[in-house]
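Written below as structure tokens is the structure these notes are about.
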Amino acid sequence: MSQISPPVRIALVAVVALLAAWMLFLRPKTEEIPPPAPAATAPAKQPGNTAQSAAGKAVQAAANAKATAESAAKARAGETPATSAPATTASKPATTAAKPPATAAADKLGVDPAALASLPRGVRKALQARRIVVLGFFNRAALDDRLTKKQLAKVHRFHGRVYVHAASLKAVQRYQVITRGVDVSQTPSVVVIDRKLKAQLLTGFVDHVRIEQAVVDAMRRSDMAVVKTPYLRKVNALCGTYVSGFYAALEPGVDGSTRSSLAENTRLVDRFAARFGALKAPKGYQSFKARWLADLKLTSTADHAVLAAAKGKSLKRTVAALNKYDKPLNKAGDRLVKTSRQHDMLACMYG
């Protein structure tokens, strides 16, 4: 080594330093994957004047190599120089595209999307809103069809929870996606479809009362509360127990006499009024209860008056009692029907 001239020895030392820096810092490592390299920056200005001699250039190259190695080491350690650009955040993987609304609605109902889309807009929207759907299929040339269609228009809508739609029998194929399970092959036909798409078929002439009963059945199958307020549910149940008896009592009694019919009707009215009066009305329903109780007492008074005249076998007194209470009872009946419809209490209208 002593025989080598000093300039050459300096150059060799620089080369050895460069190789050492390569082995220690710059050689790629197989055990880890370095993060994305920072944006290129201008090389750092080295201290001192630029070397002119060969030996000086070698020393400067070694110093530059050391600075580069230190910069690379800091980059691997996460110490990115302030002058470098920040690393770009990795983009998140793309999420799965959401299903179109029509397809999602069809999946929820368990029907074919194309078949659902082919339904009239009103029917499709009603199904998606989970309403009870009533479909009527008619032949305009038939008398029964025209009469049934008029009855269909009278069906109670239960404050928007029931949707009614009329169509021609020629278009029945269009509705097969929701009339499955029933054979609509004649007119007039009325199909009542619940939330589970279970259909009930009514054929021939039917009045709106019969259709409404099928609607109530569909609501119960769908776990829908027909009457929402607990107090009114009790009133409706009470009506179901007694109101149907009022109509039956108007028919001849067991001994075929008018007096027995009147006596049975009076007994039912009195019992209904007593049980209704015993129901505790919550706040907000006191006026409802007072109005109904007054009308029930009026009905009871009229029944007792007519019954007394009939028992006395006085046609004049009977006619007088009927004339006296006819208009007040009609008004009371209209109020009962109106408030019953307002609260979806069909049993109080029909029994």
Side-chain angles (χ1 to χ4, degrees), residues 151 154-156 205-214 216-217 226-227 229-282 284-351:
Q151 291 295 314
K154 295 180 180 180
V155 169
H156 184 53
F205 171 79
V206 288
D207 61 13
H208 68 93
V209 178
R210 177 68 185 91
I211 300 172
E212 287 167 352
Q213 183 57 56
V216 170
D217 294 340
V226 180
V227 182
T229 307
Y231 168 71
L232 295 180
R233 282 202 293 268
K234 293 178 182 179
V235 175
N236 193 57
L238 202 60
C239 288
T241 302
Y242 290 100
V243 172
S244 58
F246 297 161
Y247 300 110
L250 295 178
E251 299 297 327
V254 292
D255 61 355
S257 69
T258 303
R259 289 192 299 273
S260 62
S261 298
L262 288 172
E264 178 64 15
N265 191 76
T266 302
R267 184 183 66 84
L268 288 174
V269 169
D270 289 346
R271 186 176 296 177
F272 182 30
R275 292 192 60 183
F276 175 77
L279 287 177
K280 185 178 180 180
Y285 289 95
Q286 284 87 356
S287 60
F288 165 87
K289 180 180 179 179
R291 180 71 269 177
W292 268 48
L293 199 55
D295 286 340
L296 287 174
K297 289 180 178 180
L298 172 66
T299 305
S300 176
T301 301
D303 284 354
H304 280 283
V306 174
L307 179 60
K311 284 182 176 180
K313 298 181 180 180
S314 171
L315 180 60
K316 183 178 179 180
R317 286 176 56 195
T318 302
V319 172
L322 291 174
N323 289 337
K324 178 180 179 180
Y325 291 103
D326 181 52
K327 290 184 178 179
L329 286 179
N330 284 336
K331 290 181 179 179
D334 291 342
R335 284 192 295 268
L336 182 142
V337 170
K338 181 180 179 179
T339 54
S340 296
R341 281 193 176 275
Q342 285 176 347
H343 300 292
D344 301 328
M345 300 188 301
L346 267 63
C348 294
M349 293 187 290
Y350 314 130

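Position 1 is the first residue of the sequence, and the numbers go up from there. No experiment lies behind these values; they were computed from the predicted model shown.
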* With sequence neighbours left out, which residue pairs that include part of residues 269-280 fulfil the side chain to side chain donor-acceptor pair (under 3.5 Å) condition? -> Y242-R275, D270-S300, D270-H304

* So do the side chains of L262 and D303 get within less than 4.5 Å of each other, counting heavy atoms only? -> no

* To the nearest 0.5 Å, what is the distance between OG (S260) and CG (L307)? -> 10.0 Å

* To do: Search all heavy atoms of Q286 against all heavy atoms of G284 and return the closest pair with its distance.
  => OE1-N, 3.0 Å

* Is there a side-chain contact between C239 and F272, using heavy atoms and a 4.5 Å cut-off? -> yes

* Supply the atom-to-atom distance D207 CG to Y350 OH, rounded to the nearest 0.5 angstrom. => 8.5 Å

* Asked: If you look only at pairs with a residue in residues 340-351, which of them pass as a salt bridge (charged side-chain N to carboxylate O under 4.0 Å, His left out), with sequence neighbours excluded?
  -> R161-D344, E212-R341

* Asked: Can you name the ring-ring contact (aromatic ring centres under 6.0 Å, His included) partners of Y325, sequence neighbours left out?
  -> none

* Please list all pairs passing the salt bridge (charged side-chain N to carboxylate O under 4.0 Å, His left out) test where one or both residues lie in residues 320-333, with sequence neighbours left out. => none

* Quick one: do N236 and R233 satisfy side chain to side chain contact (heavy atoms under 4.5 Å, CB included)? Show the steps, please. => CA-CA 5 Å; N236 193 57; R233 282 202 293 268; 5.6 Å; no

* Asked: What's the shortest heavy-atom distance between M345 and L232, and which atoms?
  -> SD-O, 3.6 Å

* Could you tell me which residues satisfy ring-ring contact (aromatic ring centres under 6.0 Å, His included) with F288, sequence neighbours excluded, listed by chain and number? => W292, H343

* Asked: How many angstroms lie between CG in L336 and CG in L296, if you round to the nearest 0.5 Å?
  -> 7.5 Å

* Structure fact -> On a heavy-atom basis, the closest approach of A273 and L293 is O-CD1, 3.7 Å

* **Least distance between heavy atoms, A347 atom then G240 atom** => CB-N, 3.8 Å

* Just how far is it from atom OG1 of T318 to atom CG of N323, taken to the nearest 0.5 Å? -> 11.0 Å

* Where P282 and Y231 come nearest, the two heavy atoms and their spacing -> CD-CG, 3.5 Å

* Structure fact -> The complete set of salt bridge (charged side-chain N to carboxylate O under 4.0 Å, His left out) pairs with one or both residues in residues 287-297, sequence neighbours excluded, reads R291-D295, D295-R335

